[in-house]
Every structure is written in C-alpha cells, then in structure tokens.
> 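I have a structure I would like to understand better, so I am pasting it below and will then ask my questions one at a time.
Sequence lines set the chain letters: A, B, ... in the order given, protein chains first and strands last, and positions in each chain run from 1. Please read these numbers as outputs of a predicted model, since none were measured by experiment. Excluded from the calculations below are hydrogen atoms, water molecules and symmetry mates; all remaining heavy atoms, backbone and side chain alike, are included.
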Amino acid sequence: MIELLSLPATEVAPRLLGATITVGAVTVRLTEVEAYLGEDDPGSHAFRGPTPRTMVMFGPPGHLYTYFTYGMHVCANVVCSPDGVASAVLLRAGEVVEGVELARSRRTTSRSDRDLARGPGRLCVALGITLTDGGADLAVSRIRLELAEEPQAFEQGPRTGVSGDGGRASFPWRFWMPGEPSVLPYKAHVPRHR
DNA sequence: GTCGAGATTATCT
DNA sequence: GATAATCTCGACC
C-alpha cells in the first residue's frame, strides 16, 4: 500500500475510491475524493511552501493531514508522494458502513443516514477525526485505511470549494463514484466575503 | 429539490 | 487583520 501512496495524489485519488477508513468503531467507504499537489498547485495549501501546518504534506506518505476551515470544520487528507514532495488526497465523502449508531449520535443535525458522511467536514465528525489526529501515521495509529481489492469505476471533474486564481476549475482533480447518493452534485463555489 | 447568506476560529501576513 | 479545500438554515420552486 505504501508503494501506491508514494505516487502523486492524482494517481492515488481514484484508487482510494471504494477504500474503507476505520476510526475506532466507525467505518466509512469512500465515494468522493480530491487530489492536491504541492508547489505547482495554486489550490493547494502547500503552494507557498511549507509552513508549520502544511509540514505533514511534505513528509512521507501514509500520514494524515488535518486542518481547520472556516473556523468550524475539520478536513482530513491522506499524504501521498515520497518524503520531501507535497501531495495529498482530500477525503470528501463516504458511506458509513459500520458504527452507524455512533456516527449518528455525533451528527445531531442530519436527519438521514445518507448525509452522515456527505461532505469533508461531516466525514470527519462522523469518524471522530479532530485536529489532534493530524500527522498520525496510518500504519500505526487508531486510524486505519484499507484499499479496495479492485480499482473502482470513477468519474472526474473540477474541484469544488477552492478559492484563488487557478485553484478552482483549472485542474479536474475531483474523483467520485457515479451513482452514489453520498456524492454531492457539482456546484461551482462562490467564495464568500463579508 | 435549488439558492443565498451568515456563522466562527486556526493560521498566516 | 484578512483569509479560508465548509455547513446549516431559511426562503422559494
């Protein structure tokens, strides 16, 4: 698995579809991901070089990169590419296949089970991933990643939610499994301002 | 179902 | 002080 994760995020992302990620009693099957590169990718946090936060992205593959966004939400990434090269795959959405009760108790706002892990922030809440899980090694931590046995059929398109110049639609690096109800329909994101 | 607006805080300049 | 890889809610179709 570490061989696969040493590839660039754009290669790893489609292979993560159908994979399961387990944190404690909750297991999620991934249905939607997004690839981020490093210094060549204006949409990436690593675009302007390493900072204390993005350091994990430049480290060895197979680690977890977490960050806060809009002050309220946590997003989780799997670090790719060899040590020294920044690259990561954002876990955007999935389907809870185990521990539904627990996930539901953490997500008081969603009514249907389909929405439990629909979206990056929700996915982290459902799994119980927080900022303190950042930098964890997936091989030894309480977070475990298990790849699908066979590559899954997928579609790809522009990334969502990325603000800034080339970040938005310049790179078609969002990957999802067609026909999955837990995948959000694509909508161009308009950056908000106060 | 879609659309628009506001919430809230770690991180960087 | 500005910014942000989002979510929820309320209004409308």
> So does A/Ser182 get a backbone contact from the side chain of A/Arg114, meaning a donor-acceptor N/O pair under 3.5 Å?
no

> Expressed in angstrom and rounded to an integer, what is the separation of A/Arg53 atom CZ from C/dA4 atom P?
11 Å

> Could you state the atom-to-atom distance from CZ of A/Arg92 to C1' of C/dC7 in whole Å?
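Going from CZ in A/Arg92 over to C1' in C/dC7 covers 12 Å.
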
> Grab the two heavy atoms, one from A/Pro178 and one from A/Phe154, that are nearest each other, plus how far apart they are.
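For A/Pro178 and A/Phe154, the tightest heavy-atom pair comes out as CD-CA, 3.9 Å.
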
> A/Asn77 has a side chain; which of C/dA5, B/dC12, C/dC7 sits nearest to it?
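Of the candidates, C/dA5 comes closest.
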
> Out of B/dT8, C/dA5, C/dC7, which has the shortest distance to the side chain of A/Met57?
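Ranking B/dT8, C/dA5, C/dC7 by closest atom to the A/Met57 side chain puts C/dA5 first.
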
> Got more than 12 heavy atoms from elsewhere within 6.0 Å of CG, A/Asp137?
yes

> Whole angstroms only, please: what is the OH-C1' distance between A/Tyr65 and C/dA5?
9 Å

> Please, what dot-bracket string fits DNA chain B when only Watson-Crick and G-U pairs with both distances under 3.5 Å count, crossing ones use [ ] and pairs to another strand use |?
|||||||.||||.

> Quick one, A/Arg92 with A/Thr160, criterion side-chain hydrogen bond (donor to acceptor under 3.5 Å, both in side chains). Give me CA distance, side-chain angles, the key distance, then yes/no.
CA-CA 10 Å; A/Arg92 289 197 58 86; A/Thr160 62; 3.1 Å; yes

> To the side chain of A/Ser44, which of B/dC12, C/dA5, C/dC7 is closest?
C/dA5

> By nearest atom, which of the nucleotides B/dT11, C/dA5, B/dA7 is closest to the A/Leu131 side chain?
B/dT11

> Looking only at side-chain atoms of A/Arg114, point me to the closest of C/dT6, B/dA7, B/dG1.
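For A/Arg114, the side-chain atoms sit closest to B/dG1.
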
> Is A/Tyr67 side chain donor-acceptor paired with the C/dA4 base, going by distance under 3.5 Å alone?
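Answer no: no donor N or O sits under 3.5 Å from an acceptor.
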
> Can you check the A/Leu184 CG to C/dT8 P distance for me, whole Å?
11 Å

> Is there a donor-acceptor pair under 3.5 Å between the side chain of A/Arg142 and the backbone N or O of A/Gly24?
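No, A/Arg142 side chain to A/Gly24 backbone: no donor-acceptor pair under 3.5 Å.
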
> By nearest atom, which of the nucleotides C/dA4, C/dT8, C/dA5 is closest to the A/Arg107 side chain?
C/dT8

> Rounded to whole Å, how long is the line connecting atom CZ of A/Phe47 with atom C1' of C/dT3?
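So the two atoms are 16 Å apart, to the nearest Å.
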
> In terms of side-chain heavy atoms of A/Phe68, which of B/dA10, B/dC12, C/dT6 is nearest?
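Selected nucleotide (nearest to the side chain): B/dA10.
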
> Between C/dA5, B/dA7, C/dT8, which nucleotide gets closest to the side-chain atoms of A/Thr109?
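In terms of side-chain proximity for A/Thr109, the closest of C/dA5, B/dA7, C/dT8 is C/dT8.
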
> Between A/Thr54 and A/Gly71, which has a closest nucleotide on DNA chain B that is more 5'?
A/Gly71

> Give the rounded distance in Å between these two atoms: CZ of A/Arg111 and C1' of C/dC9.
15 Å

> Hey, does the side chain of A/Thr27 reach the backbone of A/Val97 with a donor-acceptor pair shorter than 3.5 angstrom?
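No, because the side chain of A/Thr27 does not come within donor-acceptor range (under 3.5 Å) of the backbone of A/Val97.
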
> The side chain of A/His73 is closest to which nucleotide in this list: C/dT8, B/dT13, C/dT6?
C/dT6

> OH of A/Tyr70 versus P of C/dT8: gap in Å, rounded?
15 Å

> Atom CD of residue position A/Glu39 - does it have more than 12 heavy atoms of other residues, nucleotides or ligands inside 6.0 Å?
yes

> C/dA4 C1' sits how many Å from A/Tyr36 OH, rounded?
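It works out to 12 Å between those atoms.
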
> For the residue pair A/Arg159 and A/Tyr36, would you count it as a cation-pi contact if the rule is NZ or CZ under 6.0 angstrom from the ring centre and within 45 degrees of the ring axis?
yes

